[in-house]
Each structure stands twice: as structure tokens, then as C-alpha cells.
Amino acid sequence: MAYRIVVDLSDRRLSLLQNERVVSTYPIAIGRMLMQSPVGHYRIVSKVPHPGGPFGAMWMGLSKPHYGIHGTNNPASIGQAVSHGCIRMYNADVLALAARVPIGTPVTIRP
């Protein structure tokens, strides 16, 4: 099962694709104006459950150091441009996503 994640910054949505078909979409928060989310092609390189602080229930680190897809302790931020560049998700959503995708999953972040 080939998974791939596509983050659409303009729509503030994360899509999970399996064999090139969208199987799930999730609302997200993105980087704010001075700390924008990095556009490009990356991979998930780590998973850390319950990392503490503002990262909510799960941290999935990207191959771009210091950036990741993670939960949040502020669910009201979802849909906003408020993070330090990371992709924020509702905790239940990031847990569901992390349960499906392995380390090494490709992640595309597009404007």
C-alpha cells in the first residue's frame, strides 16, 4: 500500500493518498506570514507520540529539520495561519494519520 501525503497550504487541507487515490482529507493550521510552511518534497523521518508542549498527541518529523506534522493543544488554531511553519492537525486526526503511514512516507507541501 503506497501512501503519500499532500499538504495544500492555500486550502489549508492535508490529503492522504493511497495508490494515488485520496482516502482521507483533514483540516490543518499552517505557518504564519513570517514563518511560512516550507513548500517542497519531504519524507516522514520520525514519529513521537505525546511529545508534550504545543505538539499535541503526536509529532511526525519531516526530512526538513525542525518541521513536522503534529497535533495541537489549541484546537481553535486549525484552519488558521498561526504556526511556526509546521502543519498542525486536530489530535484525533494526527493520531489516525500516524496509525496509517509508515516512516518514509513522502510528503508534498504545495502553495
Side-chain angles (χ1 to χ4, degrees):
M1 292 190 201
Y3 285 109
R4 176 165 84 89
I5 293 170
V6 176
V7 174
D8 191 317
L9 298 176
S10 62
D11 287 344
R12 297 184 185 162
R13 304 285 300 170
L14 180 151
S15 298
L16 174 63
L17 287 77
Q18 181 180 14
N19 300 321
E20 296 306 311
R21 275 194 23 234
V22 175
V23 293
S24 299
T25 62
Y26 304 98
I28 57 170
I30 63 172
R32 60 181 167 231
M33 184 62 73
L34 296 177
M35 298 177 151
Q36 295 182 1
S37 301
V39 172
H41 301 284
Y42 310 101
R43 291 195 176 274
I44 293 175
V45 297
S46 65
K47 291 184 188 182
V48 180
H50 307 290
F55 304 114
M58 175 65 70
W59 166 268
M60 292 188 288
L62 297 178
S63 53
K64 181 167 180 70
H66 312 293
Y67 290 90
I69 299 169
H70 63 81
T72 182
N73 63 355
N74 180 11
S77 69
I78 301 302
Q80 308 298 314
V82 293
S83 80
H84 288 188
C86 290
I87 305 303
R88 287 187 196 172
M89 301 177 71
Y90 290 117
N91 286 322
D93 290 349
V94 76
L95 289 172
L97 181 65
R100 293 180 86 172
V101 299
I103 289 183
T105 299
V107 177
T108 299
I109 301 176
R110 60 187 187 202

Tell me the closest heavy-atom pair linking [X] and [Y], and the distance in Å.
X	Y	answer
Gly31	Ala81	O-CB, 3.6 Å
Val22	Ser15	CG1-CB, 4.4 Å
Pro111	Ser10	O-OG, 3.7 Å
Arg12	Gly79	NH1-O, 2.9 Å
Asn91	Gly71	OD1-CA, 3.3 Å
Ala29	Val82	CB-CG2, 4.3 Å

Cluster overlap [X] with [Y], hydrophobic side-chain contacts below 4.5 Å:
X	Y	value
Ile30	Val39	yes
Leu9	Val94	yes
Val48	Ile44	no
Trp59	Val101	no
Val7	Leu95	yes

(Q) Below 30° counts as parallel, above 60° as perpendicular, anything between as tilted: where do the rings of His70 and Phe55 land? (A) perpendicular
Q) Picking from Ile28, Ile78, Asp93, what satisfies side chain to side chain contact (heavy atoms under 4.5 Å, CB included) with Arg88? A) Ile78
Mind checking whether [X] and [Y] have side chains closer than 4.5 Å, heavy atoms only?
X	Y	answer
Arg32	Gln80	no
Met60	Ile103	no
Leu97	Met89	yes
Ile87	Ser37	yes
Val6	Arg110	yes

To the nearest 0.5 Å, what is the distance between [atom1] on [X] and [atom2] on [Y]?
X	Y	atom1	atom2	result
Ile5	Tyr26	CD1	OH	9.0 Å
Arg4	His41	CZ	NE2	9.0 Å
Lys47	Ile69	NZ	CD1	10.5 Å

Q. When you look at His50 and Met58, which way does the side-chain contact (heavy atoms from CB on, under 4.5 Å) test go after all the steps?
A. CA-CA 5 Å; His50 307 290; Met58 175 65 70; over 6 Å; no
Q) Between Thr25 and Leu14, is a side-chain contact (heavy atoms from CB on, under 4.5 Å) present by the stated rule, with each step listed? A) CA-CA 6 Å; Thr25 62; Leu14 180 151; over 6 Å; no
Q: Could you tell me whether Asp8 and Arg13 make a salt bridge, using a distance below 4.0 angstrom between a side-chain N and a carboxylate O?
A: no
Q. Run the side-chain contact (heavy atoms from CB on, under 4.5 Å) check on Tyr42 and Ile109 step by step: do they pass?
A. CA-CA 8 Å; Tyr42 310 101; Ile109 301 176; 4.1 Å; yes
(Q) Tell me whether Ser24 contacts the main-chain N or O of Leu16 through its side chain, where contact means a donor paired with an acceptor under 3.5 Å. (A) no
